[in-house]
Amino acid sequence: MSLKFYNTLGKKKEEFKPVEAGRVSMYVCGITAYDMCHIGHARSAVVFDVICKYLKYKGYNVIYVKNFTDIDDKIIAKANEEDTDIIEISERYIKEHNKDMDEMGVARPSITPKATENIKGMIRHISTLVEKGLAYVVEGNVFFAVDKFKGYGKLSGRNLDDMLAGARIDINEKKKNPLDFILWKSARDGEPWWDSPWGRGRPGWHIECSVMSQRFLGETFDIHGGGMDLIFPHHENEIAQAEGATGKPFANYWIHNGFVRINKEKMSKSLGNIFNLREALGSYHPEVLRLFMLQSHYRSPVDFSDESLAEARTGMERFYETLKKIKDILATGIDFSDILPKNLSGKDKDVFGKITTLPDRFAEAMDDDFNTARAIGYIFDATRLINGYLAGRKFAPTAESLFVLNSARNNVKKVGKVLGLFLEDPDEYFEKDKKREAEKQGLNIQEINALIEERQKARTAKKWKKADEIRNILAKKKVVLKDTADSTTWKIANLVKNQPLVR
RNA sequence: GGCGGCAUAGCCAAGUGGCUAAGGCAGCGGUCUGCAAAACCGUUAUUCACCGGUUCGAGUCCGGUUGCCGCCUCCA
């Protein structure tokens, strides 16, 4: 099967052909380290995490580079505010970023370069552009001359004339063309600086990505990614810088993820609706957040709300309920090590046959522009199949059925791993969920357990009235009980609108 | 002003020329259960914003209309 995905450069889905067979080189624009991550950073990270994991799942050897921007106006401003230096600021937020992303189940990229570790490379690159006549120096600043690079605009689908006609370009006296962008900024007082052929200064924003990607991946590499907002000007400028210097194609494929909205509004600082990732992780299991994000296509906008996240929690519960049932049945310890697929018959054979197609269906969906939404649909199908098998009157734990359930679980977990889902032990998952929800809704777990214990006594004595009374008390607190023959488990129902997403 | 995207059931959401328009949530009916919960079964879009066109055939392609959104300034 061949992988196709949407290439922003060609504006259509294209078959993926790596530069070097069996290897994929991928660069994604990371964060500017000056503040805590929000849910939008998380979406981008999850999207490219899944893409990277899927490429590996397909057998590619993937080198994934994601940078940290650690020199920038906002970092400098923050450092001044706190009377410290940019290193301390960027190191702090890189640490926080890593902490959050680790919790989100985002695997660390192969290489995470920082801009300040690549200044020499940037200076060399800028020098090349100046030598080639693509850049010019004005009072210690170096600008890229946009009209000297004929491909300018090919990624974002613009042309210079149209852009010049646009009203919102800041006029900088030093620029020959208002669309020219800065490669090297001369240092102002109190700013960090590096020596360069043009005097003391620091790099412009775009140059770092051209230089760091090519340093680790070569002049031409496979995939370059980032958020949709980066298409213009950032990625357009990266192409101009890189191809201008080398004369060779830069990245062959460009992938851009869609944006996050909060209650149907754009998430932005001015609207004050930034959904902080640390807070999100306090309110929702990371896999709930991932499931929600991955149920939409990566290029579509995704709209966070407490309702939509509550729905995702319900969905995640469904998966883990099934995984829990399988776990419990497997715990009976019946030995199924001698069972072969050809020994199966009837329902066992039927379910086994269907469940083993899951990885193929998963790959079919993922090969089509990383269609995680469709892939998740197939996992829901598989879940219903397993639950139906388990709920059937004829179901009994036998060597054959344990063999089938074990295969089912392996298949679900195999594809789940690519999406970063079902990584938790089911009992762990529900324990964590209870704790998190109890805290969110101000409930005391000890109290709940005490009431359940009291009710259990009533139940064994068949005092149903008393048992129902306690059920009702708990129901008012959104505690839902689940009775089995000799015990009771519980969970907390979704309580939407109690907890505003963004305060 | 320029460039681009989206519009599919109550809600979310797949679907990019052709078998019955995935899947989830919510709802309803049933099975199971002391009662519940979960699960399962059944049910919920003759129709894909609207109007034309291309085609044997369109949610899917083309043109237009309406509505929503993003980028063009730092932004994932």
Side-chain angles (χ1 to χ4, degrees), chain A residues 8 11-13 28-32 34-35 37-48 72-74 153 156-159 161-170 179 205 225-234 236 256-261 264-269 291-292 295-297 299-303 305 307-308 310-318 321-322 324-325 361 365 368-369 371-381 383-393 459 462-465 467-468 471-472 475 480-485 488-491 493-494:
Chain A
T8 310
K11 295 195 181 5
K12 60 179 187 303
K13 280 189 210 171
V28 174
C29 293
I31 59 154
T32 299
Y34 76 103
D35 205 348
C37 288
H38 58 240
I39 202 78
H41 296 118
R43 184 185 192 196
S44 182
V46 166
V47 163
F48 290 103
D72 150 280
D73 287 348
K74 293 185 291 293
S156 53
R158 298 153 200 252
N159 64 60
D161 294 338
D162 287 345
M163 283 188 278
L164 281 171
R168 301 168 70 187
I169 300 163
D170 91 274
L179 294 168
W205 174 41
M228 252 162 193
D229 57 324
L230 296 179
I231 294 173
F232 189 87
H234 186 54
E236 196 65 67
H256 293 98
N257 66 276
F259 262 36
V260 162
R261 314 203 309 157
K264 301 201 194 292
E265 271 184 340
K266 184 192 161 153
M267 182 172 72
S268 75
K269 293 207 165 161
L291 177 69
F292 175 64
Q295 273 188 292
S296 294
H297 188 88
R299 281 189 282 118
S300 309
V302 81
D303 194 354
S305 66
E307 290 94 336
S308 60
E311 258 182 53
R313 174 177 172 245
T314 306
M316 213 58 229
E317 235 168 65
R318 190 169 158 78
E321 282 286 356
T322 301
K324 161 105 177 106
K325 282 183 231 166
R361 308 219 297 156
D368 185 11
D369 203 15
N371 196 328
T372 53
R374 199 153 82 210
I376 288 167
Y378 294 150
I379 304 174
F380 273 112
D381 285 340
T383 303
R384 188 162 12 80
L385 177 73
I386 298 163
N387 285 335
Y389 177 59
L390 253 21
R393 286 186 178 278
R459 280 184 76 214
K462 293 201 190 299
K463 290 178 182 164
W464 304 127
K465 202 176 160 191
D468 288 346
R471 177 194 292 288
N472 286 336
V480 178
L481 302 181
K482 180 184 173 185
D483 289 339
T484 62
T488 297
T489 56
W490 59 277
K491 67 170 182 180
N494 279 320

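Naming convention: chains lettered A, B, ... in sequence-line order (proteins, then strands); numbering from 1 in each chain. In what follows, every heavy atom counts, from backbone to side chain, and hydrogens, waters and symmetry copies are set aside.
Residue contacts for A/Asp72: at a heavy-atom cut-off of 4.0 Å it reaches no nucleic acid atom on any strand shown. Counting non-hydrogen atoms under 4.0 angstrom, A/Arg374 reaches a base of the nucleic acid. If you check every strand for non-hydrogen atoms under 4.0 Å, A/Val260 touches a base. A/Ser268 comes within 4.0 angstrom of no nucleic acid atom, judged by non-hydrogen atoms across all strands. Using a 4.0 Å heavy-atom distance criterion, A/Gly40 is classed as a base contact. Nucleic acid contact for A/Ser300: sugar-phosphate only, since backbone atoms but no base atoms lie under 4.0 Å from a heavy atom of the residue. Heavy atoms of A/Asp381 sit under 4.0 angstrom from primed sugar atoms or phosphate atoms, though from no base atom. Across all strands shown, A/Gly153 has no heavy atoms under 4.0 Å from either base or sugar-phosphate atoms.
When the nucleotides B/C71, B/A76, B/G24 are ranked by their closest atom to the side chain of A/Leu230, B/A76 comes out on top.
Spacing between B/U60 and B/G15 at atom C1', rounded to whole Å, works out to 8 Å. Using atom P as the reference point in both B/C69 and B/G29, the two lie 39 Å apart (nearest Å). Between B/G1 and B/U44, the distance separating the two P atoms is 47 Å to the nearest Å. Comparing B/A36 with B/U20, their C1' atoms sit 36 Å apart, to the nearest whole Å. Across the P atoms, B/A38 and B/G27 are found 10 Å apart, a figure rounded to whole Å. Only the C1' atoms considered, B/C61 is 23 Å distant from B/C68, to the nearest whole Å. When the C1' atom is compared between B/G57 and B/C32, the two are found 47 Å apart, to the nearest whole Å.
Annotation: salt bridge (Lys or Arg N to Asp or Glu O under 4.0 Å) contacts of A/Asp369 (sequence neighbours excluded): A/Arg299.
One can place OH of A/Tyr34 at 12 Å from P of B/C74, the figure rounded to the nearest angstrom. In this structure, A/Glu236 places its CD atom 14 Å from C1' of B/G2, rounding to the nearest Å. The CD-C1' distance, from A/Glu265 to B/G70, rounds to 15 Å in whole Å. In this structure, A/His234 places its NE2 atom 19 Å from C1' of B/G70, rounding to the nearest Å. In this structure, A/His297 places its NE2 atom 10 Å from C1' of B/A14, rounding to the nearest Å. The CD1 atom of A/Ile231 sits 14 Å away from the P atom of B/A76 (whole-angstrom rounding). The distance between atom NE2 of A/His38 and atom P of B/A76, rounded to the nearest whole Å, is 6 Å. Rounded to an integer number of Å, the gap from A/Lys74 NZ to B/A76 C1' is 12 Å.
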Grab the N/O contacts between the protein and nucleotides 6-12 of chain B below 3.5 Å, and write none if there aren't any.
| from | atom 1 | to | atom 2 | distance (Å) |
| --- | --- | --- | --- | --- |
| B/C12 | OP1 | A/Lys264 | NZ | 3.4 |

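Checking A/Ile31 against A/Val302, the closest nucleotide of RNA chain B that is more toward the 5' end is the one next to A/Val302. Along RNA chain B, the nucleotide nearest to A/Met228 and the one nearest to A/Tyr378 differ in position, and the one closer to the 5' end is contacted by A/Tyr378.
Under the Watson-Crick or G-U wobble criterion, with both distances below 3.5 Å, B/G63 is paired with B/C51. For B/C40, the paired nucleotide is B/G30, the pair qualifying as Watson-Crick or G-U wobble because both relevant distances are below 3.5 Å. The partner of B/C75 cannot be assigned: no Watson-Crick or G-U wobble pair with both contacts below 3.5 Å exists in any strand. Pairing for B/A58 is absent, judged as Watson-Crick or G-U wobble with the two contacts each under 3.5 Å. Applying the Watson-Crick and G-U wobble criteria (two distances, each under 3.5 Å), B/C68 pairs with B/G5. For B/A45, there is no paired base (Watson-Crick or G-U wobble, both distances below 3.5 Å).
For the pair A/Asp303 (side chain) and A/Lys264 (backbone), a donor-acceptor distance under 3.5 Å is present. For A/Asn494 (side chain) and A/Ala310 (main-chain N/O), a donor-acceptor pair under 3.5 Å exists by modelled atom type. Although no hydrogens or angles enter the test, the distance criterion places no donor-acceptor pair under 3.5 Å between the side chain of A/Arg374 and the main chain of A/His297. A donor-acceptor contact shorter than 3.5 Å is absent between the side chain of A/Ser44 and the backbone of A/Gly40.
Two residues are said to be in side-chain contact when any heavy atoms from C-beta on lie closer than 4.5 Å; A/Asp73 and A/Trp205 fail this criterion. Using a 4.5 Å heavy-atom cutoff, the side chains of A/Lys462 and A/Trp464 are in contact. The closest side-chain heavy-atom distance from A/Arg361 to A/Asp381 is below 4.5 Å.
Between the OG1 atom of A/Thr383 and the CZ atom of A/Arg318 there is a distance of 6.5 Å, given to the nearest 0.5 Å.
Ionic pairing of A/Asp368 and A/Lys13 is present here: one or more N-O contacts between side-chain nitrogen and carboxylate oxygen are shorter than 4.0 angstrom.
Centre separation under 5.5 Å together with a plane angle under 30° does not hold for the ring of A/Phe259 and the six-membered base ring of B/G70, so they are not marked as stacked.
Between A/Lys266 and B/C75 there is no side-chain polar atom (N or O) within less than 4.0 angstrom of OP1 or OP2. Listed pair A/Asn159 / B/C3 fails the phosphate criterion, with no side-chain N or O lying under 4.0 Å from OP1 or OP2.
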side-chain contact (heavy atoms from CB on, under 4.5 Å) between A/Lys482 and A/Glu321: does it pass, once the steps are laid out?
CA-CA 12 Å; A/Lys482 180 184 173 185; A/Glu321 282 286 356; 3.4 Å; yes
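Between A/Gln295 and A/Ala373, the shortest heavy-atom distance links the atoms O-CB, 3.2 Å.
A 6.0 Å sphere centred on NZ of A/Lys463 holds no more than 12 heavy atoms belonging to other residues, nucleotides or ligands.
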Contact pattern, 5' to 3', of nucleotides 28-41 of chain B - B, S or - by protein heavy atom under 4.0 Å:
----S-BBBBSSSS
